[in-house]
2 protein chains.
Amino acid sequence: MFELDVRSRQPIYEQLIEKMKEMIVRELWQPHDQLPSVRAMAKQLMVNPNTIQKAYRELERDGWIYSVPGKGSFVAARPKEPNAEAIAAVHEQFIRLVKEARFLGVTNEQLWQWIIEGEEEEENNDSTRRRDENV
Amino acid sequence: MFELDVRSRQPIYEQLIEKMKEMIVRELWQPHDQLPSVRAMAKQLMVNPNTIQKAYRELERDGWIYSVPGKGSFVAARPKEPNAEAIAAVHEQFIRLVKEARFLGVTNEQLWQWIIEGEEEEENNDSTRRRDENV
DNA sequence: CAACCGTACTATAACTAATAGTACACTTAA
DNA sequence: TTAAGTGTACTATTAGTTATAGTACGGTTG
């Protein structure tokens, strides 16, 4: 699935949040897919269940997953209405990054190329987009 | 100049690094401009000199500023050769951010708009580019 | 009922951030 | 030469965060 670097300066729970976001963004995890339980994930990644729980809690707070006590945790449905708050947060980071890139000599054409590259990779994952939305 | 949020979850020295990078990227601070001394900056921002020193140390390590013992700290010259390492780091963050934005429903056209917006703002700063706008 | 599930606690150790203070070598100007 | 200001490197302490360990409770499922 993915691996964590327990020696990293970045906290484990933050690494986990990023990895799980990536699985959802790349649609390797589909809406309403059941996630590994807190205890199972802890066992698999060999970290403490409380650390997993912390990551799950933040992901739920930000709308990436939802949890049902007694049943499990699941990938959230993709919001139909654009999430203005989330987009604003990404926008702010994006602007800051573009300025830094431009300062380093990266041209707009190169930035555009970076955007296109990501899109091509995403299209390769289209085969998985056919959804079986059971559960 | 700028302000810090001492109550933020983000460490003070990290906030300071970001703010100073922004001053350099937006060219409000020019190469070889002298920066406020560690002690002066600490006094102005009302934080501990050691915290300032930590930020300066990292900025120097990453090539944003340079320090001369006994003289002071200064904005580094813009590297003539593209800094491949720094660009790669920005590229990685950029890709991750684009994917998240696209997941939130942001189109390529909007991403391009975000890039252009930043460029227009930068051009507006061109008029101030001749003045010594320090501290 | 038994075995799962999420969730909420307490407690502890390790690490980091921030502060306070001291010291030293260097540069500059009086 | 002296005094003030500079970066830099330490020690020590406090506060907060991270990760661990363990316990407990209610809901769900077979």
Side-chain angles (χ1 to χ4, degrees), chain A residues 1-20 24 29 32-77 134-135, chain B residues 2-20 24 29 31-77 134-135:
Chain A
M1 184 163 45
F2 47 71
E3 290 175 358
L4 303 177
D5 179 10
V6 293
R7 293 189 180 181
S8 168
R9 259 61 73 182
Q10 189 182 27
I12 294 173
Y13 78 96
E14 283 187 9
Q15 292 180 52
L16 183 57
I17 288 171
E18 279 192 13
K19 298 283 188 184
M20 290 181 67
I24 296 172
W29 286 349
H32 309 296
D33 275 357
Q34 182 160 9
L35 300 168
S37 74
V38 169
R39 293 171 176 83
M41 183 76 88
K43 194 171 187 177
Q44 182 174 342
L45 300 178
M46 295 190 293
V47 297
N48 193 279
N50 291 332
T51 304
I52 307 295
Q53 191 195 342
K54 185 168 187 176
Y56 277 31
R57 192 190 308 129
E58 288 206 18
L59 285 167
E60 181 169 23
R61 176 174 56 77
D62 294 343
W64 292 87
I65 69 175
Y66 65 94
S67 297
V68 183
K71 297 192 71 173
S73 299
F74 307 86
V75 176
N134 34 14
V135 178
Chain B
F2 47 71
E3 290 175 357
L4 303 177
D5 179 8
V6 292
R7 270 179 279 184
S8 168
R9 189 180 72 89
Q10 189 183 28
I12 296 173
Y13 78 96
E14 283 187 10
Q15 292 181 51
L16 183 56
I17 288 172
E18 279 191 13
K19 297 284 189 184
M20 290 181 67
I24 296 173
W29 286 349
H32 309 295
D33 276 357
Q34 182 160 10
L35 300 168
S37 74
V38 169
R39 292 170 178 84
M41 183 75 88
K43 195 170 187 179
Q44 182 172 345
L45 299 178
M46 295 189 293
V47 296
N48 193 280
N50 290 333
T51 304
I52 306 296
Q53 192 195 341
K54 185 170 186 175
Y56 277 30
R57 193 190 308 131
E58 289 206 17
L59 285 167
E60 182 168 23
R61 176 173 56 77
D62 294 342
W64 293 86
I65 69 174
Y66 64 94
S67 296
V68 183
K71 296 194 73 172
S73 299
F74 307 86
V75 176
N134 201 3
V135 182

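Note on naming: letters A, B, ... go to the chains in the order of the sequence lines (proteins, then strands), and numbering restarts at 1 for each one.
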Would you say A:K71 reaches C:dG6's phosphate, i.e. side-chain N/O to OP1/OP2 under 4.0 Å?
-> no
Contact under 4.0 Å: B:K54 side-chain N or O vs C:dA18 OP1/OP2 | no
Note: for B:R57 and A:Q15 on DNA chain D, the residue whose nearest nucleotide lies more 5' is B:R57
Would you indicate, yes or no, if D:dT6 has its OP1 or OP2 atom less than 4.0 angstrom from a side-chain nitrogen or oxygen of B:S37?
-> yes
Between A:N48 (CG) and D:dG22 (P), how many Å, whole number?
-> 9 Å
Taking CZ from A:R7 and P from D:dA19, how many angstroms apart are they, rounded to a whole number?
-> 15 Å
Atom OH of B:Y13 and atom P of D:dA15 are separated, to the nearest Å, by 21 Å
Donor/acceptor link under 3.5 angstrom from B:R39 side chain onto base of D:dG5 | no
C:dC5 OP1/OP2 closer than 4.0 Å to side-chain N/O of A:S73 | no
Quick check: are there more than 12 heavy atoms from other residues, nucleotides or ligands sitting under 6.0 Å from CD of A:Q10?
-> yes
In whole angstrom, give the distance that lies between atom CD of B:Q10 and atom C1' of D:dT17.
-> 15 Å
A:F74 CZ to C:dC5 P: how many Å, rounded?
-> 11 Å
Could you check whether B:V6 gets within reach of a base, just the sugar-phosphate, or nothing at all, counting any heavy atom under 4.0 Å?
-> nothing
Protein-nucleotide distance (A:E60, atom CD; C:dG6, atom C1'), rounded to Å | 9 Å
Under 4.0 Å between a side-chain N/O of B:T51 and OP1 or OP2 of C:dA17, yes or no?
-> no
Sorted by position of nearest nucleotide on DNA chain C, 5' first, the leading residue of A:R9 and A:Y56 is A:Y56
5′-ward residue of the pair A:V68/A:E14 relative to DNA chain D = A:E14
Hey, does the side chain of B:Q34 reach the backbone of B:K71 with a donor-acceptor pair shorter than 3.5 angstrom?
-> yes
Taking the side chain from B:E58 and the backbone from B:I17, do they hold a donor-acceptor pair closer than 3.5 Å?
-> no
Short side-chain N/O contact from A:N50 to OP1 or OP2 of D:dA19, under 4.0 Å | no
A:Q15 vs A:F2 side-chain heavy atoms within contact, under 4.5 Å = no
Nearest-Å distance, NZ (B:K43) to P (C:dT19)?
-> 16 Å
Which of the following nucleotides, C:dT7, D:dA9, D:dT18, is nearest to the side chain of B:Q53?
-> D:dA9
Atom CD1 of A:I52 and atom P of C:dT7 are separated, to the nearest Å, by 13 Å
Could you tell me how the ring of A:H32 sits relative to the ring of A:Y66: parallel (under 30°), tilted (30 to 60°) or perpendicular (over 60°)?
-> perpendicular
